[in-house]
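See below for the structure under consideration.
We use all heavy atoms of the structure for the numbers below, so side chains are in, but hydrogens, waters and symmetry mates are not.
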Amino acid sequence: MPLFAMTDNKYRLQTIIFISLVLISLIPVLLLGMWVQQNSVENEFKAVKEKHLIIANNLSREIQRYITDTKSAFDFVHAIEFSPTYTGDRQKLLNTFNITDTCIFYPNDSSKNIFNGSSCDFDLSSQQRSLINNNSSQTDSDTHLSDLTSIDGRPVFLISKALNNHATAVGILETTYIKQSQQSIAFGERGHSMIVDATGKVVAHPNKDWERTSKDASGLSVVQKMMQGQTGVSTFYSPPMQADMIAGHTSVPGVGWGIMVPQPVSELIDNTNEVLYAVIIISLLGLSISTFLSWIAAKHLAQPIERISRAVASIATDKISNVSTVKHHANIFIKEVDDLTLFFNKMINELKVTNKELQLYHLNLEKSVEERTIELKAEIKQRAQAEQQLKLSSQVFESANEAILITDKTLSIIEVNPAYCLIMDISPEQAVGTQPNFANLSDNDPVIFESMWDGINEHGSWQGEVCGIRSNGDTFPKWLSISAMHNDQGDVLNYIGIFSDISPIKSAESRLKQLAYYDQLTSLPNRTLLYERIEQSLRKISDGDIQTAFMYLDLDQFKQINDTLGHTIGDSLLQQISLRLSQAINVTDTVSRIGGDEFTILLHDVHSKAEVEMTATSVLETFDEPFLINDIEINIGTSIGICMLPDDATSVHQALKRADMAMYQAKSNGRGCYHFYNLEESQKLNDKIQLQQELSHAINDNQLFLLYQPIVDAQTNKVVSVEALVRWLHPQKGLLTPDKFIELAEESNLIIDLGYWVIKQASAQALAWKDSLGFTLPIAINLSAQEFSNPELVERIQNVLLSTGTQAEMIEIEITETSAMKNAYLSTNTIKKLRGIGINISIDDFGTGYSSLAYLKRLAVDKIKIDRSFIQDLTTDDTHIAFVKLIIEFSKELGYKVVAEGVETEDQQNILKALECDYIQGYLHSRPVTADQIIERYSVQEISETETDSLA
């Protein structure tokens with residue numbers, strides 16, 4: 001009887017568990033099905049509405065363009081007196097636009113064919129003549145298009161134009177092109193398009209009866225909306241389709257026609273039903289699996305109860321020796337059952353092992369004494385090592401050149417090193433017990449103070465530039481690093497601060513900024529600073545409803561003056577022009593010199609185009625008075641190109657390019673004037689979008705390839721590495737250079753995939769070169785700011801190295817100075833990770849960005865690449881020589897190698913060699929070449945070296 005009751009309880013518990021688990025699985029399945037059905041219907045309708053409205057608008061623009069071009073062609077044929085020899089060409093032109101017959105109707109009801117002078121091939125009804133005469137009586141001479149009418153039983157349009165002799169030229173415009181446009185749009189099983197004229201008559205429709213008879217569809221609600229000029233999406237019942245339809249509709253501007261793109265609603269419902277059926281099948285399959293698993297789980301949960309009951313019965317009869325532990329299943333999910341099984345087994349095991357524990361106690365005691373003796377010896381050794389390490393740390397603390405201070409958790413100084421006392425001009429006794437300077441940054445930006453403590457609290461450390469204050473009150477810039485020391489419980493025990501006086505670095509940085517941001521001849525902002533001002537203006541524009549005008553000035557005939565009077569006179573002239581331009585504008589605006597005789601003016605917060613024209617006129621007037629230099633009167637003018645931000649340009653590149661285009665238009669207009677940028681942008685935008693899409697396919701279709709430009713030793717001319725440069729062999733446009741598609745890639749986020757492709761190709765090529773050449777030829781790869789800030793960058797590079805078998809020293813990574821300085825903290829971490837796996841880092845285009853020497857010191861890179869803009873004028877501009885010399889000396893001080901880009905002449909190389917530049921790159925030694933040409937170059941180089949060795 002007890003066994004039966006136990007077994008009966010077992011099955012009841014198992015059944016309850018099974019039913020509960022099945023119900024828990026069933027409810028989410030039902031909710032999922034309802035949610036999928038609702039969202040499928042909503043998403044399908046939303047997608048169809050957007051698609052139909054886009055198609056209707058596109059078809060509307062196409063019909064509007066066709067009508068406009070047709071009127072222009074008709075107007076052209078009748079507006080000019082042509083020679084009879086051009087009769088065939090005129091007729092061809094009209095036939096091109098489906099104008100089949102053209103006649104002239106006179107007030108006396110006579111008519112004639114305009115091409116052969118014979119009688120007209122068609123006649124007009126009285127109503128049609130009345131409409132034509134009404135149009136002819138109007139004072140304007142515009143070409144008119146009638147509503148849909150009938151000639152010889154076929155639906156057509158009448159196109160007419162009043163002539164000077166009170167006659168009217170009338171042509172028959174067939175509906176062929178319009179029907180073809182309508183027939184080109186079809187989707188689904190019965191999706192189509194429909195075109196009606198301004199009176200609601202059907203011009204083009206899949207129902208040929210409606211089309212042939214010009215069916216009056218004005219009774220349909222959606223047609224009435226189109227006749228009223230409304231654009232949108234509507235539902236209605238279609239008699240010819242005998243179905244409820246959903247349609248995107250709009251009107252054709254200028255003619256009042258209506259265009260709609262309908263599709264049966266039933267097709268949309270069918271699409272969503274397919275999704276629902278799939279969800280139901282998957283849900284039933286999942287429910288079946290969950291039912292089977294629920295039964296197994298219920299069975300395993302109930303079994304331990306039976307076994308424990310039997311074991312307790314045995315204990316009650318004093319048969320402890322016969323009791324065994326209950327088998328415990330690790331997959332039991334009911335805590336009470338799990339605990340009961342564990343505690344029961346624990347009790348049984350404790351009873352059995354008690355005697356064994358007593359026997360093992362003495363053995364364990366002896367073993368513990370022996371182990372403790374060994375531990376004490378190890379502790380004594382560790383203490384000796386710790387004392388030695390502490391002594392070494394003390395020596396480092398005392399001899400460090402950087403200031404070091406240690407505080408308690410309340411920020412009171414407890415110890416400082418000699419360097420701290422020297423920099424702060426204070427004795428150790430005066431410093432100990434006081435609050436350190438980094439505890440109160442009242443002389444610094446509060447944001448820095450907040451950022452510092454956020455970094456310490458979140459990461460345990462912080463570093464950055466702050467303003468230091470010596471004991472005498474003098475301030476100085478310092479680079480400060482702070483770390484928090486914690487105990488085992490995570491509580492702060494001490495703070496350690498390390499800083500250095502970076503006044504010399506800041507002084508050098510200030511000189512570098514003056515060289516980098518201002519023109520040395522005129523003291524005006526140069527191209528780099530101009531770019532920053534334009535970017536600032538664009539950001540300000542995006543925050544409010546204001547405009548900025550950008551003027552591009554090019555002096556007229558300046559080269560002639562420079563060549564005839566000399567460069568000294570030319571420089572003085574540029575200085576006087578700079579002064580006049582600065583006086584002609586407001587102090588809030590910016591005058592820049594960006595080239596030899598090229599100036600720009602950035603007008604902030606302009607309110608109208610007229611205001612810009614007044615300023616442009618004022619600038620031109622400043623050139624009316626001759627310039628007097630060394631008793632020589634010089635007359636010179638300028639041409640001005642103007643673009644408006646943001647209407648004409650939304651980036652620095654666009655502003656320069658479009659203002660430059662406008663300036664050249666001003667020159668072509670006769671010089672000495674200004675011209676506003678004005679160009680249809682729609683086609684360019686379409687071309688840009690298409691090129692972005694084609695670039696996506698090009699990455700996967702092997703349309704891209706790499707060229708390699710050698711980097712040579714400045715002293716020996718030996719190739720030491722190459723830079724990978726991507727090219728695109730477009731199927732239609734031919735060879736495209738990076739300036740044609742890199743910006744598009746950055747805007748569309750394709751730059752990540754493009755960069756990944758370059759890394760894989762360059763890695764594989766580096767490995768191939770090592771096999772063929774017998775040694776490693778590193779390949780430098782450029783990374784954009786987007787790629788460098790990608791958190792997956794290091795992992796991706798590691799995966800490429802692993803998959804291709806390429807060694808880390810075979811590739812180098814180049815990042816621009818601007819990219820590295822945008823987020824110095826992130827850049828430092830990324831560079832540290834890349835160098836950690838053995839990859840060398842170069843700073844590209846140095847001198848064109850932030851040029852922060854203090855941050856550059858913290859980046860710890862391998863090479864600095866001087867931008868080509870400073871190399872081009874190296875032989876003619878002493879300022880550039882000084883700038884390059886400063887970069888080389890600073891780089892060598894930090895242990896960086898220096899590469900000069902854009903070297904094209906022997907004179908440039910000789911100057912760089914004299915300045916002890918390490919490497920050079922440019923057309924002087926090689927243009928970008930293929931991988932095979934690199935191997936040929938090395939073969940020639942090896943032969944030359946062999947001959948030199950034999951001669952020696």
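Qualifying side-chain hydrogen bond (donor to acceptor under 3.5 Å, both in side chains) partners for D878, counting only residues two or more places apart in sequence or in other chains: none. For D519, the salt bridge (charged side-chain N to carboxylate O under 4.0 Å, His left out) partners two or more places apart in sequence, or in a different chain, are R593. In this structure K833 satisfies the side chain to side chain contact (heavy atoms under 4.5 Å, CB included) test together with V794, sequence neighbours excluded. Remark: F870 engages H880, F883 in a ring pair (Phe, Tyr, Trp, His ring centres under 6.0 Å) (not counting sequence neighbours). Looking at residues two or more places apart in sequence or on another chain, you find a side-chain hydrogen bond (donor to acceptor under 3.5 Å, both in side chains) between T737 and D739. Remark: F741 engages W728 in a ring pair (Phe, Tyr, Trp, His ring centres under 6.0 Å) (not counting sequence neighbours). Every residue two or more places apart in sequence or in another chain that forms a side-chain hydrogen bond (donor to acceptor under 3.5 Å, both in side chains) with H925 is listed here: Q909. Not counting sequence neighbours, the partners of D501 by the salt bridge (charged side-chain N to carboxylate O under 4.0 Å, His left out) test are R470.
Side-chain N/O atoms of Y517 and E532 include a donor and acceptor closer than 3.5 Å. Of the N and O atoms on the side chains of E723 and N782, at least one donor lies less than 3.5 Å from an acceptor on the other residue.
Across I813 and L783, no two heavy atoms sit closer than the pair CG2-CD1, 3.4 Å. In terms of heavy atoms, S503 sits closest to P477 at OG-CD, 3.3 Å. Nearest heavy-atom pair across I841 and V861 is O-CB, 3.7 Å. Looking at every heavy atom in both residues, F476 comes nearest to I469 through CE2-N, 3.8 Å. When all heavy atoms of I601 and V591 are compared, the pair lying nearest together is CG1-CG2, 4.2 Å. Taking every heavy atom of both residues into account, L574 and D597 meet most closely at CD2-CA, 4.4 Å.
Surrounding CD of E809 are more than 12 heavy atoms belonging to other residues, nucleotides or ligands, all under 6.0 Å away. Annotation: N401, atom CG; neighbour count of heavy atoms from other residues, nucleotides and ligands within 6.0 Å does not exceed 12.
In this structure, the side chains of L656 and Y531 come closer than 4.5 Å at one or more pairs of heavy atoms. In this structure, E465 and I502 have side chains that are in contact, with non-hydrogen atoms separated by less than 4.5 Å. Considering only heavy atoms from C-beta on, Q921 stays 4.5 Å or farther from P710 through its side chain. Between L874 and L912, the closest side-chain pair of non-hydrogen atoms falls below 4.5 Å. Proximity of T930 to L707: side-chain heavy atoms (C-beta onward) are separated by under 4.5 Å at one or more points. Contact check for D844 versus D867: no side-chain heavy atoms found under the 4.5 Å cut-off. The shortest side-chain heavy-atom distance between I797 and I839 falls under the 4.5 Å cut-off. T522 is not listed as a side-chain neighbour of I577, based on a closest heavy-atom distance of 4.5 Å or more.
Under a 3.5 Å cut-off, the side chain of S471 and the backbone N or O of D425 do form a donor-acceptor pair. Judged by distance alone, with hydrogens and angles left aside, the side-chain atoms of S537 form no donor-acceptor pair with the main-chain N or O of R533 at under 3.5 Å. Distance alone, capped at 3.5 Å, is enough to place a donor-acceptor pair between the N417 side chain and the E402 backbone. In terms of modelled atom types and a separation under 3.5 Å, the side chain of D873 and the main chain of T876 share no donor-acceptor contact. Formation of a donor-acceptor pair under 3.5 Å by the Q908 side chain with backbone atoms of T875 is not found in this model. Between the side chain of Q520 and the backbone N or O of Y518, at least one donor-acceptor pair lies under 3.5 Å. No donor-acceptor pair closer than 3.5 Å links the side chain of E889 to the backbone N or O of L886.
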Are Y708 and I779 close enough, and set up right, to give a side-chain contact (heavy atoms from CB on, under 4.5 Å), and what steps lead you there? CA-CA 8 Å; Y708 305 90; I779 299 179; 4.0 Å; yes
Would you please test L530 and I534 for side-chain contact (heavy atoms from CB on, under 4.5 Å) and show each step? CA-CA 6 Å; L530 172 65; I534 296 177; 3.9 Å; yes
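The list of side-chain hydrogen bond (donor to acceptor under 3.5 Å, both in side chains) pairs with a residue in residues 786-802, not counting sequence neighbours, reads N749-Q786, S784-E787. Screening residues 902-928 for salt bridge (charged side-chain N to carboxylate O under 4.0 Å, His left out), with sequence neighbours left out, gives K892-D918. Applying the side-chain hydrogen bond (donor to acceptor under 3.5 Å, both in side chains) test to residues at least two apart or on different chains, the pairs with a partner in residues 757-773 are K770-Q807.
Within the cation-pi definition used here (under 6.0 Å to the ring centroid, within 45° of the axis), K478 qualifies as a partner of F499.
Proximity of the aromatic rings of Y552 and F599 is defined here by a centroid distance below 6.0 angstrom, and this criterion is not met.
Note on E814 versus K863: no salt bridge recorded, every NZ/NE/NH1/NH2 to OD/OE distance being 4.0 Å or above. Looking at R868 and E901, no side-chain N of the basic residue comes within less than 4.0 Å of a carboxylate O on the acidic one, giving no salt bridge.
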Quick one: side chains of residues 565-572, donor-acceptor pairs under 3.5 Å with protein atoms, not counting sequence neighbours, listed by atom name and distance.
residue	atom	partner	partner atom	Å
H567	ND1	N562	ND2	3.2
S572	OG	T568	O	3.2

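Atoms CD1 and CD, from I751 and E743 in turn, are 11.0 Å apart once rounded to the nearest 0.5 Å. To the nearest 0.5 angstrom, I866 atom CD1 is 4.5 Å from I887 atom CD1. To the nearest 0.5 angstrom, W462 atom CH2 is 11.5 Å from S483 atom OG. Atom-to-atom distance recorded for I594:CD1 and T600:OG1 is 5.5 Å, nearest 0.5 angstrom. For the atom pair N472 CG and I426 CD1, the distance stands at 10.5 Å (nearest 0.5 Å). Going from atom CZ of R727 over to atom CZ of F705 covers 7.0 Å, rounded to the nearest 0.5 Å.
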